[in-house]
Amino acid sequence: MSLIRGLVSTLYCLPKVYKWFYRPYYSMSLLMTVAFPIVLSCPGLCEYLPSQREDSNSCAFDWREVEILMFLSAIVMMKNRRAITLEQHIGNIFLFSKVANVVLFFRVDLRLGLLYLTLCVVFLITCKPPIYMGPEFIKYFSDSTIDEELQRDGRVTWIVEFYANWSPECQTFAPIFADLSLKYDCLGLKFGKVDIGQYAAAAERYKVNPSPLCKQLPSLLLLQGGRELMRRPLVDMKGRAVGWNCTEENIIREFNLNEILQRCKKFSKGEKPEEPKTLLPEKEKKIK
């Protein structure tokens, strides 16, 4: 079912996917994903590769290679069950295809395996996924400006994302957060971001652990007057993040954005808005 859903979403967004491959990251990722089939079908090269087929045809997949590719397909389908966006679906395919290529190349020839692994490391260091550069109504804070801005007007509710550029989850979430800012930004509801890779003091002050092992990134905090009303994902008493999907629907529902937007419209009319009702439930207080 997840494979069908991923295929349908890919076909639906095919024009967008087509434009992606003008970018070096995606075009190079695609090339490295199909590297082993290319080598296997390259005349003048595949004939010299060792093969375990009974007919000694080294230019075709043997049973073990087919088994590895089937296992790869199963892993991709399992990972894509939790994928939120098309970028995540394609990113999972690229990632596990490269892992399969490493295994296949090492199985055929140690030199080819080392060469492909070296190319993967160079690619990882030199070629980063494109950063979202689309429209947004988001203010970027430093560790010295965030407190000043949040306390400037106690009537303004802020949703602040703590992120890091090295995190694939944060890169995937960037267009979702930007879209929310375009839909819900108003005089009494604002959106902000803090790069904790650059401003570690802000992460420490707001208790966001930047370690990839903690899986707290991206973290969304609902703040008013410098006071935290809510956060996702939640963090248990051991400092571990409680699993939560950063989908647009989840954020709208759990942060009560529609209710906050209606309440903040009073602010734009010059009326005094009510105190926010988006307080932490008792079960969240126990977790913290």
Side-chain angles (χ1 to χ4, degrees), residues 9 13 16 20 23-26 29 79-96 98 123-143 145-146 149-150 158-185 190-223 228 230-235 239-255 257:
S9 62
C13 300
K16 179 181 177 183
W20 284 353
R23 302 174 180 177
Y25 174 81
Y26 290 109
S29 291
K79 292 295 293 183
N80 277 346
R81 291 176 60 186
R82 300 192 63 182
I84 301 171
T85 64
L86 182 61
E87 288 89 342
Q88 280 185 305
H89 282 281
I90 294 179
N92 286 334
I93 294 173
F94 284 160
L95 174 62
F96 290 100
K98 291 171 187 174
F123 175 81
L124 183 64
I125 295 173
T126 60
C127 199
K128 301 295 182 182
I131 298 175
Y132 177 77
M133 299 295 290
E136 59 184 25
F137 288 140
I138 298 174
K139 185 162 186 177
Y140 288 79
F141 297 121
S142 66
D143 51 8
T145 61
I146 180 171
E149 185 64 40
L150 294 180
W158 284 88
I159 298 181
V160 180
E161 177 196 354
F162 290 79
Y163 74 102
N165 284 324
W166 50 259
S167 168
E169 290 79 11
C170 294
Q171 293 168 356
T172 302
F173 181 64
I176 299 175
F177 194 61
D179 187 55
L180 286 170
S181 73
L182 294 173
K183 292 178 179 178
Y184 289 93
D185 180 88
K190 299 294 181 182
F191 291 76
K193 294 180 77 168
V194 181
D195 183 358
I196 63 174
Q198 186 175 0
Y199 303 110
E204 183 177 357
R205 192 156 63 249
Y206 286 89
K207 299 178 181 178
V208 178
N209 193 330
S211 171
L213 299 177
C214 292
K215 297 183 179 180
Q216 289 189 32
L217 298 179
S219 279
L220 293 181
L221 274 65
L222 186 70
L223 304 160
E228 179 183 327
M230 186 179 182
R231 77 164 58 202
R232 289 291 185 275
L234 294 171
V235 181
R240 296 174 300 189
V242 179
W244 184 68
N245 285 333
C246 294
T247 63
E248 185 170 332
E249 295 77 12
N250 283 347
I251 296 169
I252 293 172
R253 182 181 65 253
E254 298 200 27
F255 283 82
L257 290 189

### With F177, the side chain to side chain contact (heavy atoms under 4.5 Å, CB included) member among E136, K193, E248
K193

### Query
Going by heavy atoms in the side chains, are D143 and V194 under 4.5 Å from each other?
no

### Message
Quick check on the 6.0 Å ring-centre criterion: do F162 and Y206 meet it?
### Response
yes

### N209 (side chain) donor-acceptor with S211 (main chain) under 3.5 angstrom
yes

### Message
Quick one, L217 and W166 - any side-chain contact, counting heavy atoms below 4.5 Å?
### Response
yes

### Query
salt bridge (charged side-chain N to carboxylate O under 4.0 Å, His left out) with D195: which residues, sequence neighbours excluded?
none

#### Entry: Note, F255 side chain near Y184 side chain (heavy atom, < 4.5 Å)
no

### For the student: nearest non-hydrogen atoms of P218 and P233, plus distance
O-CD, 3.5 Å

### Task
Report the residues that fulfil ring-ring contact (aromatic ring centres under 6.0 Å, His included) with Y199, sequence neighbours left out, ordered by chain and then residue number.
none

### Query
Below 4.0 angstrom, N of the basic side chain to O of the carboxylate: do E149 and K190 qualify?
no

### Query
Can you tell me how far the CD1 atom of I252 sits from the NZ atom of K183, to the nearest 0.5 Å?
6.0 Å

### Task
Name all pairs fulfilling the salt bridge (Lys or Arg N to Asp or Glu O under 4.0 Å) condition that reach into residues 196-218, sequence neighbours left out, sorted by first residue then second.
D147-R205

### Task
Keeping the roles fixed (side chain from T145, backbone from S142), state whether a donor-acceptor pair exists under 3.5 Å.
yes

### Summary
On a heavy-atom basis, the closest approach of F141 and G192 is CE1-CA, 3.8 Å

### Query
Can you tell me how far CG of L150 sits from CD of E228, rounded to the nearest 0.5 angstrom?
11.5 Å

### Query
Is there side-chain contact between L180 and I159, with at least one heavy-atom pair below 4.5 Å?
no

### Message
Run the side-chain contact (heavy atoms from CB on, under 4.5 Å) test on W244 and N250 for me, step by step, so that the C-alpha distance in whole Å, both residues' side-chain angles and the decisive distance to 0.1 Å come before the verdict.
### Response
CA-CA 9 Å; W244 184 68; N250 283 347; 3.9 Å; yes

### Message
Test your reading of the model: is there a side-chain donor-acceptor pair from Q216 to the backbone of P210, 3.5 Å cut-off?
### Response
no

### Query
At their closest point, which heavy atom of I138 faces which heavy atom of A178, and how far apart are they?
CD1-CA, 4.0 Å

### Message
Could you tell me if the side chain of Y163 sits less than 4.5 Å from the side chain of V208, heavy atoms only?
### Response
no

### Task
State, with a plain yes or no, whether a side-chain heavy atom of R232 is found less than 4.5 Å away from one of C246.
no

### Message
I'd like to know whether CZ of F137 has more than 12 heavy-atom contacts from other residues, nucleotides or ligands below 6.0 angstrom.
### Response
no

### Task
Enter the distance from I146:CD1 to L223:CG here, rounded to the nearest 0.5 Å.
7.0 Å

